[in-house]
4 protein chains.
Amino acid sequence: MPMVLEGDGGRDRGESERETFIRGARRRQLVECAIEVIAEVGLARASTVRIARRAGVSRGVLTYHFRDRGELIDQVIARVYELGAETLEPSLRVTTTPREFLLAFIGSSVEFYAAYPRHVAALHAVFAGFEDDAPTRGGDRRHIRELDRLGELLFEGQTRGEFRDFNVDVMARTIRQALDGALAHVVAGRPAQPYAAELQALFDAATRSAAPPSGEPHEAHDDPD
Amino acid sequence: MPMVLEGDGGRDRGESERETFIRGARRRQLVECAIEVIAEVGLARASTVRIARRAGVSRGVLTYHFRDRGELIDQVIARVYELGAETLEPSLRVTTTPREFLLAFIGSSVEFYAAYPRHVAALHAVFAGFEDDAPTRGGDRRHIRELDRLGELLFEGQTRGEFRDFNVDVMARTIRQALDGALAHVVAGRPAQPYAAELQALFDAATRSAAPPSGEPHEAHDDPD
Amino acid sequence: MPMVLEGDGGRDRGESERETFIRGARRRQLVECAIEVIAEVGLARASTVRIARRAGVSRGVLTYHFRDRGELIDQVIARVYELGAETLEPSLRVTTTPREFLLAFIGSSVEFYAAYPRHVAALHAVFAGFEDDAPTRGGDRRHIRELDRLGELLFEGQTRGEFRDFNVDVMARTIRQALDGALAHVVAGRPAQPYAAELQALFDAATRSAAPPSGEPHEAHDDPD
Amino acid sequence: MPMVLEGDGGRDRGESERETFIRGARRRQLVECAIEVIAEVGLARASTVRIARRAGVSRGVLTYHFRDRGELIDQVIARVYELGAETLEPSLRVTTTPREFLLAFIGSSVEFYAAYPRHVAALHAVFAGFEDDAPTRGGDRRHIRELDRLGELLFEGQTRGEFRDFNVDVMARTIRQALDGALAHVVAGRPAQPYAAELQALFDAATRSAAPPSGEPHEAHDDPD
DNA sequence: CATGAATGAGGCTTCATTCAT
DNA sequence: TATGAATGAAGCCTCATTCAT
């Protein structure tokens with residue numbers, strides 16, 4: 001979940017275009033509080049009362065600004081994605097090859113985690129808790145789109161000959177999972193940069209197309225789907 | 001969490017209440033039901049009433065056989081670890097080098113997921129939900145031990161020269177995360193074997209030391225010392 | 001409640017005259033366990049499971065020997081009254097005047113508490129908890145009879161001129177309450193004999209018919225009923 | 001427990017949540033309902049649902065206004081102590097000697113019981129039920145303070161020569177118990193005043209020193225020192 | 001805009017009791 | 001006689017939500 005490749009920065013834009021400024025500010029503030037609480041106690045324990053208490057407002061405010069607890073959670077997701085996009089995009093834009101992109105993606109993702117550990121932890125907790133909620137939620141689709149996007153880049157690398165002939169979906173998913181692992185590391189308060197460097201080296205080694213020795217160490221490159 | 005390297009097979013066995021055979025059978029049956037429900041709806045939504053309904057018994061039966069919801073969950077953890085140990089051990093015992101061990105570990109882990117997708121999904125859900133529950137749970141320590149164990153093997157591989165000079169903790173954590181990804185894939189009903197093969201290739205590439213002698217990528221070179 | 005003037009020693013005699021000896025022994029043992037548990041944790045928390053555990057038997061045994069939890073409690077009451085009668089009667093029989101009787105009654109009651117603090121505490125807890133149970137319980141009536149009995153003796157003392165002209169019911173009730181206070185003192189582990197001596201002096205002073213000074217310190221000796 | 005010598009009138013007032021007027025009124029109303037229910041069925045059977053039903057509100061209202069059932073009970077205790085202090089203080093303030101104080105204390109205590117029989121019965125039930133609940137409760141300490149206070153007065157009476165040389169703790173405890181007996185009498189619907197007069201006479205007789213000068217039983221002899 | 005008040009569903013647990021063996 | 005197994009009622013609590021002000 002922590003992978004953020006694109007962000008539309010506040011969905012619902014246009015749903016009620018005439019958002020008063022104060023209303024918007026209030027909403028953002030509440031979303032920040034929700035993020036903190038979720039990061040600290042998990043999604044299930046992040047009750048509206050707890051979030052309201054953190055914000056120093058009454059319970060009703062939440063249901064006033066957000067029709068639903070669900071909508072609040074959606075805004076949490078949107079906010080973190082927005083932040084993620086802001087953080088990642090500059091680094092990614094300057095890359096020129098798939099390999100560079102991959103390394104930059106890993107590196108700036110971890111940097112993002114280090115810069116906003118609570119935000120990302122909250123997002124992670126939200127996705128981890130979604131098995132408990134309604135099966136289809138806003139963020140999930142975004143999530144899928146991300147996997148697709150990373151997949152496209154890996155595929156492009158293979159086409160260019162930069163990457164070896166791995167299954168793109170497996171690799172994309174594994175990268176995502178590896179970054180989740182980095183998140184746990186960072187959230188635990190341990191140094192981010194070395195972890196990022198290790199991951200970069202790991203996936204560089206895992207993807208690069210050094211002439212594979214004959215003898216086929218492992219079978220099957222069939223589409224695992 | 002899906003990594004299972006060791007299992008003590010039924011914790012608390014004989015703790016002052018001798019296990020009647022029938023009692024043991026009932027408990028196992030209830031644990032299986034709990035596993036199914038947790039796998040389907042997640043830990044938080046796996047209420048005692050839902051589990052009891054699944055088992056076709058009254059709610060009280062659960063608190064009769066398990067002092068606590070917590071104890072039931074503990075038994076779920078124990079059961080899956082037990083199964084995992086049974087499944088993995090044979091494959092792992094016959095390995096002779098760290099690399100073989102690594103590949104076998106990945107391969108038979110995914111096999112395990114394919115054989116017991118619901119069980120492993122339940123275990124995964126349990127650990128995912130633990131951030132919300134009491135911080136220290138029985139299975140958690142087991143978990144740590146696993147990471148240590150895998151780390152030791154990776155280190156041994158580096159010592160023998162089979163593996164390159166990566167950070168052992170990062171690699172171990174990443175492997176674990178990658179297997180979690182495999183679990184999601186398998187639970188979604190997609191073929192396990194090709195996914196396993198891809199992961200083996202991925203981590204083989206990610207771990208192997210420089211260019212091994214051609215023709216023999218890096219076959220078991222049992223330290224002749 | 002701790003006042004015990006008469007005991008019929010095991011009511012229900014004749015209800016099932018052919019009580020096997022073993023059955024009777026079992027029942028007595030269970031009653032003793034119930035007494036201990038009630039004395040320790042109070043009536044409300046003295047659940048059948050706790051009592052059974054204390055006795056080292058299964059829960060079913062209780063409902064086997066006693067149709068009801070209520071019947072078990074009744075037996076507890078009966079047992080303590082029985083003990084009380086055994087303890088008090090010798091002391092009381094040798095008295096020859098109402099004043100002697102009163103002092104002996106107070107003294108041997110407190111001795112009884114000191115000899116069987118847990119039993120008496122259990123009885124006390126049972127009566128304290130009865131407001132929660134069915135309003136009319138076996139022991140209650142016995143209780144009333146006791147008050148009557150003490151009242152008769154006080155009245156006899158007044159007739160003989162040994163006692164002053166107090167209201168008999170009020171005095172009887174107050175003596176009973178004072179003994180309850182002694183029970184709390186004894187159960188708390190503090191020395192019984194001095195407390196008894198003080199109570200004897202107190203009620204000796206309160207009842208004796210020294211020529212009351214004119215001037216009427218207090219009005220109304222009307223029947224307070 | 002029915003002895004009320006001092007009351008701080010509403011504990012916890014202003015504890016971080018300022019008492020809205022309406023909120024305060026609601027709370028008081030609910031406390032009154034709780035008092036009625038407890039007086040009628042005892043503490044153990046005074047479930048939240050019963051209290052809510054009595055108040056004509058939903059169960060949730062209770063946990064909305066009182067974090068806990070325990071807090072509600074605490075408020076019951078506080079309320080009755082508050083009432084007791086209001087009732088007793090005027091009578092006690094005008095006394096000038098320990099003996100007067102003792103008689104006024106007994107008299108106005110019973111008056112209090114007669115004025116608020118249900119309230120006092122509830123308090124009594126609460127304390128009777130506390131052996132089953134958490135051992136240390138708010139009101140308990142207040143209780144101890146009362147015994148101490150009465151003890152001090154008795155001691156002062158001995159020092160002045162008004163009272164004979166009894167053990168102060170035993171006498172204080174016995175007075176308290178005697179008042180409990182009066183409560184039972186009053187709650188049963190029988191006339192309070194004659195009972196009070198009897199108790200006054202009883203403890204006057206029980207405490208007074210030797211034979212006081214005839215004609216003036218023992219009128220206030222303010223220590224002229 | 002904001003709040004306090006109220007609601008009712010849902011969850012976990014304890015417990016007395018019944019039943020089949 | 002004794003036991004383990006099972007049941008269902010009742011209690012307390014948390015929580016998301018609605019409503020009137």
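To find a chain, count down the sequence lines: A is the first, B the second, and so on, and within it residues start at 1.
Nearest-nucleotide positions on DNA chain F for D:Gly60 and C:Val61 put C:Val61 closer to the 5' end. Nearest-nucleotide assignment on DNA chain F puts the 5′-proximal partner with B:Leu62, out of D:Arg50 and B:Leu62.
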Salt bridge (Lys or Arg N to Asp or Glu O under 4.0 Å) between B:Glu40 and B:Arg50, intermediate numbers included: CA-CA 11 Å; B:Glu40 284 174 19; B:Arg50 234 189 266 242; over 6 Å; no

Candidate pair A:Arg27 and A:Glu71, rule side-chain contact (heavy atoms from CB on, under 4.5 Å), full reasoning: CA-CA 11 Å; A:Arg27 283 169 65 98; A:Glu71 196 196 326; 3.4 Å; yes

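Here the C1' atom of nucleotide F:dA16 and the CZ atom of A:Arg67 are 13 Å apart, to the nearest Å. If you measure from atom CZ of D:Arg53 to atom P of E:dG8, you get 14 Å, rounded to the nearest angstrom. Put simply, CZ on D:Arg59 is 14 Å from P on E:dG11, counting in whole angstrom units. For the pair D:Asp68 CG and F:dG11 P, the computed distance is 16 Å after rounding to whole Å. Rounded to whole angstrom, the span from the CZ atom of B:Arg69 across to the P atom of E:dG11 amounts to 10 Å. Rounded to an integer number of Å, the gap from B:Arg45 CZ to E:dC12 C1' is 17 Å. The distance between atom CD1 of B:Ile51 and atom C1' of E:dT13, rounded to the nearest whole Å, is 15 Å. As rounded to whole Å, 14 Å separates atom P of F:dG11 from atom CD1 of D:Ile73.
Closest to the D:Ser58 side chain, of the nucleotides E:dT7, F:dC13, F:dT17, is E:dT7. For D:Thr63, whose side chain is taken as the heavy atoms from C-beta onward, the closest listed nucleotide among E:dT18, F:dT14, F:dC12 is F:dT14. You'll find that the side chain of B:Val49 is closest to E:dG11, out of F:dG11, E:dG11, F:dC13. The A:Thr48 side chain lies nearest to F:dA16 when the options are F:dC13, E:dA5, F:dA16.
Here CD1 of B:Ile51 is found 6.5 Å from CZ of B:Arg69. Values are rounded to the nearest 0.5 Å. Separation of atoms CZ (C:Arg53) and OG1 (C:Thr48) is listed at 10.0 Å; rounding is to 0.5 Å.
In this entry F:dG11 has E:dC12 as its Watson-Crick or G-U wobble partner, both defining distances falling under 3.5 Å. The nucleotide F:dT21 finds its pairing partner in E:dA2, both defining distances of the Watson-Crick or G-U wobble pair being shorter than 3.5 Å.
Contacts of C:Ser47 with the nucleic acid, taken as non-hydrogen atoms under 4.0 Å apart, involve only primed sugar atoms and P, OP1 or OP2.
The phosphate of E:dA6 has OP1 or OP2 within less than 4.0 Å of a side-chain N or O from D:Arg26. The shortest distance between the side-chain N/O atoms of D:His65 and the OP1/OP2 oxygens of E:dG4 is not below 4.0 Å. For B:Tyr64, no side-chain nitrogen or oxygen approaches OP1 or OP2 of F:dA6 to under 4.0 Å.
The two residues A:Val41 and A:Ala46 have their closest heavy-atom pair at CG2-N, 3.9 Å.
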